[in-house]
Amino acid sequence: MRRITFCLLIALLFMFSCAQAAESRTFFAMDTMMTLQAPDADDALLDQCEDRIYQLEEKISVTNAESQIARLNAGEAVAIDDEVRSLLAFAFDMSDETGGALDITLYPIVRAWGFTTGEYRVPADEEIVALLAYVGDRSISVSSDTLQLPDGVMIDLGSVAKGYASDVLAGLLRENGVDRALVDLGGNIYCIGSKAEASPRRIGLQSPTGDSYIAALSVSDCAIVTSGVYERYFEADGVRYGHIFDPSTGRPVNGDLLSVTVVGKSGARCDALSTALFVMGSEKAGAWLRAHDDVEALLLSEDALLITDGLRGIVKISDDYASLPVQWIER
Ligand code: ADP
Ligand code: MG
């Protein structure tokens with residue numbers, strides 16, 4: 001009898017501890033495996049985080065016909081909510097700031113190549129030229145209650161959504177008293193560091209081949225976003241076509257960068273910039289970074305590592321990449 005009581009007690013304690021300390025949560029949303037590691041969060045808080053992401057996805061997914069973005073893309077006049085409005089305004093500002101390297105109106109092109117639908121193909125030159133006529137519209141105003149896109153114009157927030165989502169989750173966790181957590185939304189990481197922790201976290205930056213690490217960053221309380229085309233691409237006639245496009249050509253970026261990591265306080269900004277700097281290529285990206293010191297970055301090209309000076313002492317290059325020359329971007 002005593003043994004049964006003891007077992008029951010252990011089982012109850014176990015159930016109780018499960019309800020209290022959830023430790024981590026993995027789920028699939030926005031076409032990505034997402035993991036939240038938050039030792040001090042309980043299950044209810046992680047449920048709230050997960051639901052928040054599904055709500056966001058429901059509003060902005062281009063493949064869910066009911067979403068605000070999909071309805072805009074279908075030509076409807078849509079009463080967009082405040083969150084979608086501010087995300088759109090942010091994305092348009094980032095287009096301006098990056099000289100059009102980031103451009104959410106690229107969607108007709110992205111779709112024609114089969115990204116987001118999964119029906120991959122290489123469109124004919126004439127088709128690309130025709131679709132480019134709908135890209136780069138700077139007249140879209142998000143200030144009125146309802147928004148309607150000009151005929152043929154379509155948008156996609158895929159380049160900023162996960163970074164934004166990481167900000168939302170970091171905010172939600174912090175508001176609920178969590179002061180150490182790792183939010184990992186497939187290449188979009190937000191690290192909430194604890195002052196009580198003796199040392200910052202070390203975040204590994206995956207190599208483009210996915211089988212090793214370029215470097216490790218010792219950070220706390222910031223976003224770390226990596227863009228590259230090694231995860232999402234298709235191959236046709238021996239050519240690899242990645243999912244990041246050059247808005248000036250309507251074709252997948254074919255520049256000199258293999259991977260771009262951006263570190264900063266805002267996940268949305270880091271996400272926008274990791275995509276935009278990847279489009280720019282090392283020369284323009286280096287110049288852009290020299291003129292902006294609110295973010296840090298690590299750019300991997302075929303023959304060098306370009307690293308902003310703010311990462312000195314924070315970055316540790318892995319042995320696999322130690323032979324590449326490092327060019328420091330001084331500000
Ligand atoms: P990931 O989704 O792997 O984190 P990115 O943040 O770099 O990658 O965003 C790439 C996505 O954004 C593409 O899948 C496409 O939908 C869209 N996109 C591609 N090129 C651009 C661009 N130049 N500007 C804005 N959006 C883009
Ligand atoms: Mg991005």
Side-chain angles (χ1 to χ4, degrees), residues 29-30 52-64 66-111 116 132 134-172 175 183 185 188 190 222-223 225 227 244-248 262 264-280 288 291-295:
M30 298 179 166
R52 186 66 180 76
I53 297 303
Y54 296 140
Q55 279 165 23
L56 178 64
E57 184 175 25
E58 222 173 274
K59 293 185 198 183
I60 66 174
S61 160
V62 283
T63 49
N64 169 2
E66 302 300 314
S67 84
Q68 293 177 44
I69 299 296
R71 288 170 50 220
L72 284 169
N73 289 345
E76 279 181 48
V78 180
I80 52 173
D81 73 359
D82 289 344
E83 184 170 41
V84 170
R85 185 187 311 282
S86 63
L87 250 178
L88 290 175
F90 163 76
F92 288 130
D93 285 349
M94 290 307 300
S95 274
D96 292 341
E97 216 187 311
T98 59
L102 182 91
D103 194 330
I104 58 164
T105 66
L106 252 182
Y107 191 54
I109 294 281
V110 172
R111 195 177 69 141
T116 71
L132 276 175
Y134 301 109
V135 175
D137 192 324
R138 293 282 170 272
S139 68
I140 301 167
S141 159
V142 294
S143 54
S144 56
D145 288 346
T146 55
L147 177 61
Q148 186 164 28
L149 297 175
D151 267 351
V153 172
M154 292 190 209
I155 54 182
D156 146 42
L157 289 165
S159 58
V160 298
K162 281 182 272 167
Y164 170 73
S166 76
D167 291 335
V168 169
L169 294 185
L172 199 53
E175 272 165 37
V183 171
L185 314 184
N188 291 250
Y190 206 108
C222 65
V225 181
S227 277
I244 301 182
F245 284 76
D246 184 340
S248 66
V262 180
K265 288 292 168 198
S266 155
R269 185 166 170 80
C270 290
D271 196 358
L273 288 174
S274 66
T275 307
L277 297 174
F278 189 88
V279 172
M280 288 182 200
W288 194 95
H292 297 81
D293 63 2
D294 70 309
V295 291

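Keep in mind the model is a prediction, meaning the values are calculated, not measured. As a basis for the values below, the full set of heavy atoms in this structure was taken, side chains included, without hydrogen atoms, waters or symmetry mates.
In this structure, the side chains of V84 and L87 stay at 4.5 Å or more apart for every pair of heavy atoms.
Classification of E66 and R71 as a salt-bridged pair fails, no side-chain N sitting under 4.0 Å from a carboxylate O. A salt bridge does not link D294 with K265: none of the charged nitrogens is closer than 4.0 Å to a carboxylate oxygen. Taking the charged nitrogens against the carboxylate oxygens, D156 and R111 have no contact shorter than 4.0 Å, which rules out a salt bridge.
Remark: of the listed residues T146, L149, L72, L72 is the sole one forming a side-chain contact (heavy atoms from CB on, under 4.5 Å) with V78. When each of E83, E76, K59 is paired with Q68, the side-chain contact (heavy atoms from CB on, under 4.5 Å) condition holds for K59 and for no other.
Taken from SG in C270 to NZ in K162, the straight-line distance is 14.5 Å, to the nearest 0.5 Å. Note that the CD1 atom of I155 and the CD1 atom of I140 stand 6.5 Å from one another [nearest 0.5 Å]. To the nearest 0.5 angstrom, L157 atom CG is 5.5 Å from I60 atom CD1. The line from CD1 of I244 to OG of S274 is 7.0 Å long, rounded to the nearest 0.5 Å. For the atom pair CG (D151) and OH (Y134), the distance works out to 7.5 Å, reported to the nearest 0.5 Å. The line from CZ of F278 to CG of D246 is 11.0 Å long, rounded to the nearest 0.5 Å.
Nearest heavy-atom pair, D137 versus P150, reported as atom, atom and distance to 0.1 Å: OD2-CG, 3.4 Å. Minimum heavy-atom separation, I53 to A29: CG2-CB, 3.7 Å. Closest heavy-atom contact between Y107 and T116: OH-OG1, 2.8 Å.
In this structure, S166 contributes its side chain and N188 its backbone to no donor-acceptor pair below 3.5 Å. Between the side chain of T275 and the backbone N or O of D271, at least one donor-acceptor pair lies under 3.5 Å. No donor-acceptor pair under 3.5 Å is formed between the side chain of R52 and the backbone N or O of V168. Formation of a donor-acceptor pair under 3.5 Å by the R85 side chain with backbone atoms of S144 is found in this model. Between the side chain of W288 and the main chain of E97, a donor-acceptor pair closer than 3.5 Å is present. Distance alone, capped at 3.5 Å, is enough to place a donor-acceptor pair between the S67 side chain and the S61 backbone. Without hydrogens or angle criteria, S95 side chain to L102 main chain gives a donor-acceptor distance under 3.5 Å.
Remark: A268 engages F90, Y164, D167, S266 in a side-chain contact (heavy atoms from CB on, under 4.5 Å) (not counting sequence neighbours).
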